[in-house]
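These notes concern the structure reproduced below.
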Amino acid sequence: MPMDPHRPRYHFLPPHHWMNDPNGLIQFDGLYHLFYQHNPLAAEWGRMVWGHAISRDLVHWEHLPIALAPDQLCDKDGVWSGCVVSDGATAAAFYTGVNPEVQCLATSQDLLAWEKYAGNPIIAAPPDGMAVTGFRDPYVWRAGGLWHMLVGSGIRDVGGAALLYQSPDLHTWTYRHPICVGDRARSGEMWECPNLFPLGDKWVLMVSPFGRTIYFTGTYADDRFTPDYQGEIDLGGCFYAPQVFRDDDGRRIMFGWLFEWRDKAAQLAAGWAGVQSLPRVLSLGAEGRLHFAPAPEVETLRRRHTHHPELRLLPGGDLVPGISGDQLELSLTLHLRQANRVGVRVAVSPDGAEETRIIYDRQAGVIGLDTTRASLDRASHGDLHAAPLTLRNDEPLRLRVFLDHSVLEVYANDITCLTGRLYPSRSDSRTVSLFTDRPATATLDAWELASMEEG
Ligand code: FRU
């Protein structure tokens with residue numbers, strides 16, 4: 001079979017068929033485990049199971065057999081998203097069984113063989129009298145001698161909500177209250193996949209209100225979360241339902257589902273759909289904003305390196321630094337000087353008919369990812385996505401760009417991420433170039449990146 005030109009090579013995806021949310025992220029006995037929402041029968045969403053993979057370095061993954069599949073009455077229609085926690089030598093997986101949406105438990109000693117709790121569901125229904133918009137995606141942690149669980153939910157006509165339950169033993173759960181209720185106009189009416197964790201001197205609540213992922217930083221006291229900042233996790237338009245876990249080094253690491261931007265027929269024909277983002281390390285910046293950086297382990301993929309210490313960009317024509325490929329990392333520092341609009345093109349065809357642009361507009365304070373001309377193939381859906389980014393006076397634009405066939409991840413000045421999908425129809429849509437509207441300078445490092453299988 002010819003190589004599928006759009007299939008990512010250094011991002012994680014299952015051998016075949018459909019994947020969505022990352023689930024159950026944990027480092028257990030030193031190994032990283034990634035479970036994920038998976039339809040093992042087709043490249044479309046269906047009756048979900050938990051797929052499973054392990055890694056020593058977050059970058060090279062080994063596929064393992066399916067971990068959890070529907071086999072109880074309460075999960076007969078699917079094993080939906082959830083988490084894994086360790087309770088001494090035992091691992092406990094919490095997930096949503098459907099239909100209806102109920103919370104379930106399975107345990108394991110080795111994370112390979114799982115035993116579902118005979119008393120499932122452990123939470124059989126949403127709180128009495130609450131008009132919920134959903135009830136799923138348990139997130140569990142231990143504090144103060146008790147287990148705590150958030151269930152993603154929302155109150156109809158009010159806003160998203162993260163519902164708190166507590167348990168002395170992982171089996172018996174008591175409802176307490178919502179730790180936080182959002183405002184429907186600002187943060188949606190249903191919060192999928194809640195995550196709550198301390199970072200620096202703040203707490204972070206991260207939720208996925210259909211199609212976008214937002215975070216709040218604030219305080220968490222007396223089992224209530226009070227937000228004082230609201231931000232976006234990734235504004236590129238294909239990043240959703242992330243999960244964050246703490247590894248043995250104390251890092252908070254996030255994976256998110258990158259969904260496809262092409263027709264269902266094209267996905268079915270390709271035989272795969274859905275990719276995980278690169279592992280992103282989170283830290284807390286000024287004003288309660290999150291900072292994002294690809295995990296340093298990703299650097300082990302770097303191969304052929306090109307270094308351009310001082311490129312002079314001029315208006316009226318692109319600068320072509322002689323870099324091309326579909327598995328690339330670019331690290332770019334752009335000094336705008338008098339320039340207002342600067343940017344990078346990737347996956348450019350020789351005649352310019354196909355190209356993907358990353359554009360920074362200083363006056364507008366906006367960074368954009370433009371895939372409207374990424375492909376001549378009508379089955380793929382390009383778009384223009386933008387995110388706010390304000391640079392201080394002479395602060396340079398710092399971009400880290402990861403191209404992996406149909407995946408493009410952009411990290412701008414550590415605080416803004418834009419991840420998109422591109423499906424160029426031509427095999428020569430491979431060139432990188434830089435552009436500006438006034439003279440500017442740039443430092444550029446570029447690497448070809450190895451495929452995951454190359455070790
Ligand atoms: C998020 C989500 C979750 C749910 C899962 C089902 O993408 O809708 O809320 O548990 O996917 O696959």
Side-chain angles (χ1 to χ4, degrees), residues 12-14 17-25 34-52 66-70 72 74-84 93-106 120-123 125-126 132-140 149-155 159-163 182 187-196 205-215 233-234 236-244 254-261 264 267 272-277 419 421:
F12 176 83
L13 70 172
H17 304 318
W18 170 274
M19 173 174 68
N20 53 294
D21 315 354
N23 293 155
L25 295 172
L34 165 62
F35 300 88
Y36 53 90
Q37 286 289 283
H38 181 43
N39 178 2
L41 301 178
E44 62 184 333
W45 192 83
R47 191 169 176 242
M48 305 311 282
V49 308
W50 277 27
H52 187 193
I66 287 167
L68 295 168
Q72 286 188 320
C74 61
D75 61 23
K76 60 185 185 323
D77 297 326
V79 175
W80 283 15
S81 286
C83 63
V84 171
F94 294 88
Y95 64 91
T96 299
V98 289
N99 265 307
E101 291 172 13
V102 294
Q103 314 319 319
C104 303
L105 167 67
N120 276 340
I122 48 170
I123 304 177
V132 297
T133 50
F135 186 61
R136 55 184 177 270
D137 310 335
Y139 176 88
V140 175
M149 178 194 292
L150 291 185
V151 180
S153 188
I155 303 172
L163 308 181
S187 55
E189 209 183 37
M190 169 61 200
W191 285 353
E192 296 191 310
C193 303
N195 286 246
L196 178 75
L205 174 65
M206 193 177 280
V207 294
S208 294
F210 294 136
R212 62 197 263 247
T213 302
I214 56 184
Y215 69 88
I233 293 289
D234 187 308
C238 77
F239 182 103
Y240 193 62
Q243 192 170 83
V244 176
M254 175 173 77
F255 283 89
W257 166 38
L258 311 181
F259 48 83
E260 304 299 321
W261 283 356
K264 190 167 176 179
Q267 298 179 33
W272 60 274
V275 184
Q276 294 298 322
S277 69
T419 302
R421 305 300 303 273

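Treat the numbers as computed from the prediction; the structure is a model and nothing was measured. One-based numbering, in listed order, for ligands and for the atoms of each.
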Please give the N or O to N or O pairs under 3.5 Å between ligand 1 and the protein, distances rounded to 0.1 Å.
{"from": "ligand 1", "atom 1": "7 (O)", "to": "Asp21", "atom 2": "OD1", "distance (Å)": "2.7"}
{"from": "ligand 1", "atom 1": "7 (O)", "to": "Asp21", "atom 2": "OD2", "distance (Å)": "3.3"}
{"from": "ligand 1", "atom 1": "8 (O)", "to": "Glu192", "atom 2": "OE2", "distance (Å)": "2.8"}
{"from": "ligand 1", "atom 1": "9 (O)", "to": "Arg136", "atom 2": "NE", "distance (Å)": "2.9"}
{"from": "ligand 1", "atom 1": "9 (O)", "to": "Asp137", "atom 2": "OD1", "distance (Å)": "3.4"}
{"from": "ligand 1", "atom 1": "9 (O)", "to": "Asp137", "atom 2": "OD2", "distance (Å)": "2.6"}
{"from": "ligand 1", "atom 1": "9 (O)", "to": "Glu192", "atom 2": "OE2", "distance (Å)": "2.9"}
{"from": "ligand 1", "atom 1": "10 (O)", "to": "Ser81", "atom 2": "N", "distance (Å)": "3.1"}
{"from": "ligand 1", "atom 1": "10 (O)", "to": "Asp137", "atom 2": "OD1", "distance (Å)": "2.5"}
{"from": "ligand 1", "atom 1": "11 (O)", "to": "Asn20", "atom 2": "ND2", "distance (Å)": "3.3"}
{"from": "ligand 1", "atom 1": "11 (O)", "to": "Asp21", "atom 2": "OD2", "distance (Å)": "3.2"}
{"from": "ligand 1", "atom 1": "12 (O)", "to": "Asn20", "atom 2": "ND2", "distance (Å)": "3.1"}
{"from": "ligand 1", "atom 1": "12 (O)", "to": "Gln37", "atom 2": "OE1", "distance (Å)": "2.7"}
{"from": "ligand 1", "atom 1": "12 (O)", "to": "Trp45", "atom 2": "NE1", "distance (Å)": "3.0"}

Arg47: which residues meet the salt bridge (charged side-chain N to carboxylate O under 4.0 Å, His left out) condition with it, sequence neighbours left out? none

Do the side chain of Thr96 and the main chain of Gln103 share a donor and acceptor less than 3.5 angstrom apart? no

Phe239: what forms a ring pair (Phe, Tyr, Trp, His ring centres under 6.0 Å) with it, not counting sequence neighbours? none

Phe35 and its side chain to side chain contact (heavy atoms under 4.5 Å, CB included) partner, picked from Leu68, Val84, Asp21, Leu25: Val84

When you measure from the side chain of His38 to the backbone N and O of Trp18, does any donor-acceptor pair fall under 3.5 Å? yes

Residues two or more places apart in sequence or in another chain: which of them pass side chain to side chain donor-acceptor pair (under 3.5 Å) with Glu260? Arg421, Tyr423

